[in-house]
Amino acid sequence: MLTVHAADAVIGAPDGADSVAVDGGAVVAVGRYAELTAARPQARVRRWSGLITPGLLNAAAPALLEAAYHPDPREADEHGTEPLTGDALTALGMDDARWGASARRGLQRMLRHGTTAVRGPFTRPAVRTAVARSGLRVNAPGPAPEAASLDPLASVPEPGDAFAAALTVGGPADLAVFDVPDLAALRAEGAGSCTATVLGGRLVFRRS
């Protein structure tokens with residue numbers, strides 16, 4: 001469905017741009033809200049506070065999904081809410097079903113941090129299946145950050161270094177929205193300030 005996502009500013013776009021028009025899974029226009037909506041009066045409009053950026057790349061995904069366990073919320077009393085690694089992970093005696101369930105929860109947490117792409121490879125079949133079904137884009141293997149984090153911004157000097165791809169007309173409609181006024185605030189607040197994630201034109205996360 002033709003949709004205009006409007007915010008205070010669009011990062012990676014010409015100065016003054018505050019909106020992105022999306023049709024299907026592609027970006028069809030980037031510019032000022034008044035211009036985009038005037039040219040597309042039939043478009044659905046989603047208004048956001050803060051910044052629209054390209055979706056983020058989590059380069060630490062193999063460590064987060066294949067070397068950490070993301071507890072089910074029902075396990076919070078026993079295991080807490082943060083990923084388990086090391087001896088705590090070993091003690092769980094993980095099997096394929098549990099790896100798959102953990103990966104699905106981990107992927108949902110990534111979406112809540114504006115992630116639209118991950119860096120492979122993934123060696124566990126259950127994890128590969130979960131990643132494939134999530135719709136997240138899988139990039140070729142490359143350097144991984146020293147410390148794995150659900151926040152892709154935590155391991156880069158500048159937010160732009162974590163953008164999965166440039167925001168271009170005709171490119172994939174992979175967007176993240178952050179409730180911050182500028183890039184300096186985004187660097188300070190991190191990807192936990194994400195309020196929405198759009199993957200292939202679909203709204204896959206919206207903070208309630």
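These values consider heavy atoms only, across backbone and side chains, with no hydrogens, waters or symmetry-generated copies.
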Residues Arg98, Glu75; criterion salt bridge (Lys or Arg N to Asp or Glu O under 4.0 Å); working and verdict:
CA-CA 13 Å; Arg98 203 167 192 185; Glu75 300 174 312; 3.0 Å; yes

Judged by modelled atom types alone, do Thr123 and Glu66 share a side-chain donor-acceptor pair under 3.5 Å?
yes

Answer yes or no: is there a donor N or O on one side and an acceptor on the other, between the side chain of Asp151 and the main chain of Ala191, under 3.5 Å?
yes

Cationic tip of Arg109 above Phe205 ring, under 6.0 Å, 45° of axis:
no

Could you state whether Leu186 and Met110 fall into the same hydrophobic cluster, counting links through intermediate Ile, Leu, Val, Met, Phe, Trp or Tyr residues with side-chain heavy atoms under 4.5 angstrom apart?
no

Given side chain to side chain contact (heavy atoms under 4.5 Å, CB included), test Phe178 with Glu189 step by step and report yes or no.
CA-CA 9 Å; Phe178 298 96; Glu189 296 292 330; over 6 Å; no

Looking at Ser102 and Gly100, would you say the former's side chain and the latter's main chain have a donor-acceptor pair under 3.5 Å?
no

In terms of ring plane angle, is the pair Trp48 and His5 parallel, tilted or perpendicular, where the classes change at 30° and 60°?
parallel

Audit row: Arg124, Asp96, salt bridge (Lys or Arg N to Asp or Glu O under 4.0 Å) steps and yes/no
CA-CA 8 Å; Arg124 298 184 186 278; Asp96 284 348; 5.8 Å; no

Stepwise, does the salt bridge (Lys or Arg N to Asp or Glu O under 4.0 Å) test hold for Asp18 with Arg32?
CA-CA 5 Å; Asp18 60 4; Arg32 296 178 185 273; over 6 Å; no

Could you state whether Tyr33 and Val20 fall into the same hydrophobic cluster, counting links through intermediate Ile, Leu, Val, Met, Phe, Trp or Tyr residues with side-chain heavy atoms under 4.5 angstrom apart?
no

Modelled atom types, side-chain donor and acceptor of Asp179 and Ser193, under 3.5 Å:
no

